[in-house]
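Numbers here simply count residues along the sequence, with the first being 1.
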Amino acid sequence: MSSLTFHWFLPTSGDSRDVVGGGHGAPDTATGPGRRRPPTVAYLGQIARAAENLGFVGALTPTGAWCEDAWLTTAMVSQATERLKFLVAFRPGSVSPTLAAQMASTYQRQTGGRLLLNVVTGGESREQRAYGDFLEKDARYRRTGEFLHVVRELWQGGTVNLRGEHLRVEDARLTRVPDPVPEVYFGGSSPAAVEVAARHADVYLTWGEPPAQVAGKIARLREAAAREGRTLRFGIRLHVITRDTAADAWAEAHRLLDGFDPDTVREAQANLARSESEGQRRMLALHGGSRDALEIHPNLWAGIGLVRGGAGTALVGGHDEVAERIAEYHALGIDEFVLSGYPHLEEAYWFGEGVLPRLAARGLWRHPEHPGAGAGAGETVLPVAV
């Protein structure tokens, strides 16, 4: 039996019982009256341990000026866990490919092989320039392709000489190669992004669009990868609000929406509209900045994207309904789910104890620490005091 892979999220810009905005130009704010939880190693460690015990394979950590550095933070949080992997987001333009390959190799040895890499080319020129990167968007993608070529050759133990359009290395080599080689996760909706993903990614990640749009993306990427003689796996990035009843889940979604100050929404939408990211444009098109008709597909709610950049949709419903939507995406070819919810500690338990047992009962999931035994519907999956 194949098993779906679930990852959680480490909120390195802070957490709250309300939505924390930020990313792609959105203001870094908590939208409601709830007290914001700072992203300390102690708190992030609580989330990581909960995710590990509940059966998540990894945890995504974002990148950008609005959050803590992903490499440093996850290196520290890794010491609070034993199995959990860390999907570290980073931007190729801010570090040399040889140093990045060396960092990844060191990370693998020091954590027992628990690094996954989310390569983020960067969709906002203004923020890129703050980091000293003055390339335009398409050029950034071409540089990412050169970067991943160098890194992958180094990980295989080769000596690399490259005089590229944007990168140049001479006699680059690693003294010790990573074991295992980190998998590369990559997203992007523009033609330049598709080209890079087809040539270099292991897992293509999409934000949570309705199934018909996701199916179109998967077909497009499969065709592009086939031209390169490669195959890809596919993942999706979503928030989640799941409860014992659908009414309770939607009540929580409406509570979050009620906390969105109109001025905050207007500011966020104005900033996000200036984004160069094609994926962000597609997220904005799902709601058009309006609070009306936010359920854009059964149990798929676009409300988060009113105030948050990047992933802006959530699966909302009772545990059985959320499990059904996950099965629907899986039928399209999605095997990995990168999830989050506010607050991230409590929402991990709602999903881990509510939805994962139902997926196990359907033969779609196994706990990574207990692959021979699935949980029955309604069973609690390894609760842990934190």
Working note: T40 + L44, criterion side chain to side chain contact (heavy atoms under 4.5 Å, CB included); need CA distance, chi angles, decisive distance, verdict.
CA-CA 6 Å; T40 63; L44 297 175; over 6 Å; no
What are the two closest heavy atoms between [X] and [Y], and how far apart are they?
X    : Y    : answer
E347 : T242 : OE2-N, 3.5 Å
A253 : V316 : CB-CG1, 4.2 Å
H287 : A302 : CD2-O, 3.6 Å
P11  : P39  : O-CB, 3.6 Å
E165 : R142 : OE1-NE, 2.9 Å
E276 : K137 : O-NZ, 2.7 Å

Can you check side-chain hydrogen bond (donor to acceptor under 3.5 Å, both in side chains) on H297 and E328, steps first, answer last?
CA-CA 12 Å; H297 181 79; E328 182 178 6; 3.1 Å; yes
Determine, for [X] against [Y], whether the closest basic-nitrogen to carboxylate-oxygen distance falls under 4.0 angstrom.
X    : Y    : answer
R325 : E321 : no
R36  : D18  : no
R168 : E170 : yes
E346 : R37  : yes
R362 : E324 : yes

Regarding [X] and [Y], is there a side-chain donor-to-acceptor distance under 3.5 Å anywhere?
X    : Y    : value
T121 : T144 : yes
S13  : E68  : no
S277 : E124 : no
Y107 : T74  : yes
R91  : Q128 : yes
T159 : R173 : yes
K217 : S189 : yes

Step by step, work out the side chain to side chain contact (heavy atoms under 4.5 Å, CB included) result for D202 and L232.
CA-CA 6 Å; D202 296 302; L232 297 172; over 6 Å; no
For R49 and T81, what are the C-alpha separation, side-chain angles and deciding distance, and is it a side-chain hydrogen bond (donor to acceptor under 3.5 Å, both in side chains)?
CA-CA 6 Å; R49 287 191 298 274; T81 56; over 6 Å; no
Let's go through E195 and R199 carefully: what are the C-alpha distance in whole Å and the side-chain angles of both, what is the deciding distance for salt bridge (Lys or Arg N to Asp or Glu O under 4.0 Å) to 0.1 Å, and is it a yes or a no?
CA-CA 6 Å; E195 181 178 340; R199 291 180 178 176; 3.3 Å; yes
Please step through salt bridge (Lys or Arg N to Asp or Glu O under 4.0 Å) for the pair E252 and R255, ending with a clear verdict.
CA-CA 5 Å; E252 175 63 12; R255 185 193 69 80; 2.9 Å; yes
Can you confirm whether [X] is buried at [atom1], in the sense that more than 12 heavy atoms of other residues, nucleotides or ligands lie under 6.0 Å from that atom?
X    : atom1 : answer
R176 : CZ    : no
E82  : CD    : no
E295 : CD    : yes

Would a line drawn from the ring center of [X] to the ring center of [Y] be shorter than 6.0 Å?
X    : Y    : answer
H344 : Y342 : yes
F6   : F351 : yes
H24  : W207 : yes

R222 vs T231, test: side-chain hydrogen bond (donor to acceptor under 3.5 Å, both in side chains). Steps then yes/no.
CA-CA 7 Å; R222 279 179 172 157; T231 59; over 6 Å; no
May I have the step-by-step check of side-chain hydrogen bond (donor to acceptor under 3.5 Å, both in side chains) for S340 and R237, ending in yes or no?
CA-CA 8 Å; S340 56; R237 171 78 179 94; 3.0 Å; yes
Under the side chain to side chain contact (heavy atoms under 4.5 Å, CB included) test against E209, which residue among T313, I296, V214 passes?
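Checked T313, I296, V214 against E209; only one passes side chain to side chain contact (heavy atoms under 4.5 Å, CB included): V214.
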Given L116, L117, V338, the one that forms side chain to side chain contact (heavy atoms under 4.5 Å, CB included) with Y185
L116
Let's go through F147 and L167 carefully: what are the C-alpha distance in whole Å and the side-chain angles of both, what is the deciding distance for side chain to side chain contact (heavy atoms under 4.5 Å, CB included) to 0.1 Å, and is it a yes or a no?
CA-CA 7 Å; F147 181 98; L167 298 176; 3.8 Å; yes
Within the structure provided, determine whether T5 and R233 are in side-chain contact (heavy-atom separation under 4.5 Å).
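The answer is no; the side chains never approach within 4.5 Å.
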Show, in sequence, the C-alpha distance, side-chain angles and deciding distance for H200 and V151, and conclude whether the side chain to side chain contact (heavy atoms under 4.5 Å, CB included) test is met.
CA-CA 10 Å; H200 300 288; V151 166; over 6 Å; no
